[in-house]
Amino acid sequence: MTLNWDDSRVFLALARAGTLTAAAQQLGIGIATLSRRIERFEKGLGIALFFRSQIGYQLTEEGTALVASAEQMEAAMLGFSKQALDTTISGTVRLATAENLATKLILPNLNQLKQQHPELNIEIVTDIRTANLHRHDADIALRMTKPTQGHVSFRRVGTLSYGLYQALEGPTIELTPETAIGWDSHYQDLPVAVWLNQAFEGKAPALTTTSVATQLAACKAGLGIAVLPDLVTTDEAVRCVKTLPELCQPIYLVLHNDLRHSKRIRCVADFLTELIEQPLTALNRPT
């Protein structure tokens with residue numbers, strides 16, 4: 001006969017209480033139910049656990065020998081329940097994202113997450129190239145391109161919009177190879193670089209850099225006109241002279257499948273989703 005191990009809880013209650021009435025009240029079940037479960041437990045074990053009398057239930061020698069084991073089971077179950085119900089978020093999450101998202105959106109708001117979960121550690125990896133979640137370069141990523149391979153799951157959480165920007169002061173600059181601030185030759189696969197290359201029929205911009213931050217700095221210095229994400233320009237001394245809806249990029253939240261049910265990963269994923277959905281809606285230019 002297969003044992004119902006939950007009956008060990010009933011056995012312990014009766015062993016401690018000494019009477020069916022007291023044990024039943026403690027467990028919140030009926031006296032008849034408790035009696036049946038004790039009989040079932042004894043039958044499954046093949047031994048008598050209690051001596052029955054008018055004054056109550058007294059443990060047999062065999063029953064006494066099993067109390068310690070039943071208490072160990074009780075302690076293990078309590079520990080299991082506590083761990084399952086524990087809402088503490090702790091550990092390290094390695095996040096890969098674009099530098100502009102990190103510096104202009106995530107880092108300014110990260111303290112909110114840290115205050116809610118002080119035992120959570122965040123590692124932010126910023127690189128213009130894509131981190132490989134399949135190789136565990138990161139646990140979670142915000143990407144502008146849809147993943148096509150690897151053991152990952154993803155969903156679109158927002159849109160990054162672009163515009164043509166120049167210094168706040170001065171006349172409007174016409175976009176030409178001579179006035180453009182573009183991307184270095186090593187980054188010609190980026191959508192903005194491809195767009196500029198097509199617009200200039202292959203002619204290189206007069207000034208190129210290797211980051212959005214340096215392009216923004218050059219733009220503020222009056223060195224030309226640049227294609228920039230609207231996100232990075234909201235508090236800078238530059239102005240948008242033209243919106244570029246054709247360059248809008250989706251933002252994908254990507255999780256490694258082995259980690260997507262982790263509490264700490266889900267916590268960071270929810271934080272990023274909420275963060276992106278709110279401000280980018282306001283920052284996106286009309287199309």
Side-chain angles (χ1 to χ4, degrees), residues 79-162 183 186-194 210-213 229-232 247-284:
F80 178 84
S81 299
K82 181 179 179 181
Q83 183 176 353
L85 296 172
D86 188 4
T87 58
T88 300
I89 304 295
S90 62
T92 299
V93 176
R94 188 171 174 84
L95 165 65
T97 187
E99 185 175 359
N100 55 345
L101 288 178
T103 58
K104 291 294 183 176
L105 184 63
I106 298 171
L107 290 173
N109 294 284
L110 190 59
N111 198 42
Q112 300 173 20
L113 182 66
K114 295 291 290 180
Q115 287 180 343
Q116 293 175 5
H117 307 289
E119 296 182 32
L120 182 65
N121 300 320
I122 306 294
E123 295 181 0
I124 297 181
V125 182
T126 57
D127 197 305
I128 202 68
R129 301 300 178 185
T130 302
N132 191 320
L133 268 69
H134 189 59
R135 291 199 311 261
H136 292 280
D137 292 344
D139 303 315
I140 185 171
L142 288 176
R143 291 180 177 172
M144 307 304 172
T145 55
K146 184 185 296 185
T148 57
Q149 59 183 1
H151 191 54
V152 298
S153 57
F154 63 91
R155 63 189 176 93
R156 182 171 178 167
V157 292
T159 303
L160 190 63
S161 57
Y162 284 79
W183 286 93
H186 291 89
Y187 300 95
Q188 291 305 298
D189 58 329
L190 297 178
V192 172
V194 172
T210 59
S211 72
V212 170
D230 293 326
L231 174 67
V232 307
L247 280 177
C248 284
Q249 291 181 275
I251 301 176
Y252 295 99
L253 179 71
V254 188
L255 307 176
H256 195 286
N257 278 340
D258 291 345
L259 300 172
R260 60 195 176 100
H261 296 301
S262 163
K263 287 194 295 184
R264 68 180 187 279
I265 299 299
R266 293 307 320 169
C267 176
V268 175
D270 291 344
F271 165 74
L272 293 172
T273 300
E274 183 177 355
L275 197 59
I276 289 172
E277 286 178 344
Q278 291 180 2
L280 290 193
T281 300
L283 289 170
N284 286 344

Identified side chain to side chain contact (heavy atoms under 4.5 Å, CB included) partner of Leu272 from the options Leu142, Ile251, Val157: Leu142
Straight-line distance of [X] [atom1] to [Y] [atom2], nearest 0.5 Å:
| X | Y | atom1 | atom2 | result |
| --- | --- | --- | --- | --- |
| Leu160 | Asp230 | CG | CG | 7.5 Å |
| Gln112 | Leu275 | CD | CG | 7.0 Å |
| Glu123 | Thr92 | CD | OG1 | 5.5 Å |
| Arg264 | Arg266 | CZ | CZ | 13.0 Å |
| Leu255 | Ile265 | CG | CD1 | 7.5 Å |
| Phe271 | Ile89 | CZ | CD1 | 14.0 Å |

Between [Y] and [X], is there a side-chain heavy-atom distance shorter than 4.5 Å?
| X | Y | result |
| --- | --- | --- |
| Leu253 | Ile276 | no |
| Lys114 | Asn121 | yes |
| His186 | Thr210 | no |
| Ile122 | Ile106 | no |

Residue pair Leu101, Met144: steps toward the side chain to side chain contact (heavy atoms under 4.5 Å, CB included) verdict: CA-CA 11 Å; Leu101 288 178; Met144 307 304 172; 3.3 Å; yes
Can you name the nearest heavy-atom pair linking [X] to [Y], along with the distance?
| X | Y | value |
| --- | --- | --- |
| Phe154 | Val254 | CB-CG2, 4.0 Å |
| Ile124 | Ala102 | CG2-CB, 4.1 Å |
| Cys248 | Thr159 | CB-CG2, 3.9 Å |
| Tyr187 | Ala193 | O-CB, 3.4 Å |
| Leu113 | Cys267 | CD1-SG, 3.8 Å |

Donor-acceptor contact present, side-chain Gln249 to main-chain Arg143, <3.5 Å: no
